[in-house]
Amino acid sequence: MFYHFSRKKKQFDFPLHYHEEYELNLILHAKGAKRIVGDHVGILEAFELVLIGPNLSHAWFTHECKTREITEVTIQFHRDFLKRKRSIGTS
């Protein structure tokens, strides 16, 4: 199972947090915003794609972003989402 969020926003104020799901984030039109993932701090370009692992602290802040139409698309999925299901059968 997975969750999908799509948001348009004027600023980032997403405090440092973590969760057990993987998170794939596509951020559009946010050049100058600040991203924190684990112990890495970076400044976003106009387009950004980030995969965050389970229980890894992360946050986004407006910082020096001048854009007023930030687009954020997030997909969260459980760590077992891509595991293959094994069938038990007889030969």
Check your understanding: Considering all heavy atoms of both residues, which atom of Phe12 and which atom of Ala30 are nearest to each other, and what is their separation?
Key -> CE1-CB, 4.0 Å
Study note, to complete from the structure: Result for side chain to side chain contact (heavy atoms under 4.5 Å, CB included) between Leu49 and one of Asn25, Leu26, Leu28 points to Leu26
Check your understanding: Are Trp60 and Phe5 connected in a single hydrophobic cluster, I mean Ile/Leu/Val/Met/Phe/Trp/Tyr linked by side-chain heavy atoms less than 4.5 Å apart?
Key -> no
Check your understanding: Side-chain heavy atoms under 4.5 angstrom apart, residues restricted to Ile, Leu, Val, Met, Phe, Trp, Tyr: same cluster for Leu44 and Val41?
Key -> no
Exercise for review: Establish whether Leu24 and Val37 are linked, either directly or via other cluster members, by ILVMFWY side-chain heavy-atom contacts under 4.5 Å.
Suggested key: no
Practice item. Can you sort out the partners of Glu72 under salt bridge (charged side-chain N to carboxylate O under 4.0 Å, His left out), two or more places apart, ordered by chain and number? Key: Arg7, Lys9
Point to revise | Reported OH-to-CG distance for the pair Tyr22 and Asn55, which is rounded to 0.5 angstrom | key: 10.5 Å
Review point. Linking I/L/V/M/F/W/Y whenever any side-chain heavy atoms sit under 4.5 Å apart, do Val73 and Phe2 land together?
Key: yes
Check your understanding: Judged by atom type as modelled, is there a donor-acceptor pair below 3.5 Å linking the side chain of His58 to the main-chain atoms of Leu56?
Key -> yes
Under 3.5 Å, which donor-acceptor pairs link side chains of residues 63-71 to any protein atom two or more places apart or in another chain?
unit_1 : atom_1 : unit_2 : atom_2 : d
Thr67  : OG1    : His29  : O      : 3.2
Arg68  : NH1    : Lys10  : O      : 3.4
Thr71  : OG1    : Lys8   : NZ     : 3.2

Review point. Just wondering, are more than 12 heavy atoms of other shown residues or ligands nearer than 6.0 Å to CZ in Phe61?
Key: yes
Practice item. Please write out which residues are connected to Ile43 in a hydrophobic cluster, directly or through intermediates, given that two of Ile, Leu, Val, Met, Phe, Trp, Tyr count as joined at side-chain heavy-atom separations below 4.5 angstrom. Key: none
Check your understanding: What residues form a side chain to side chain donor-acceptor pair (under 3.5 Å) with Asp39, not counting sequence neighbours?
Key -> none
Exercise for review: Mind jotting down which residue pairs meet the salt bridge (charged side-chain N to carboxylate O under 4.0 Å, His left out) criterion with at least one end in residues 16-30? Sequence neighbours excluded, please.
Suggested key: none
Review point. With sequence neighbours excluded, what pairs up with His40 under the side chain to side chain contact (heavy atoms under 4.5 Å, CB included) test?
Key: Arg35
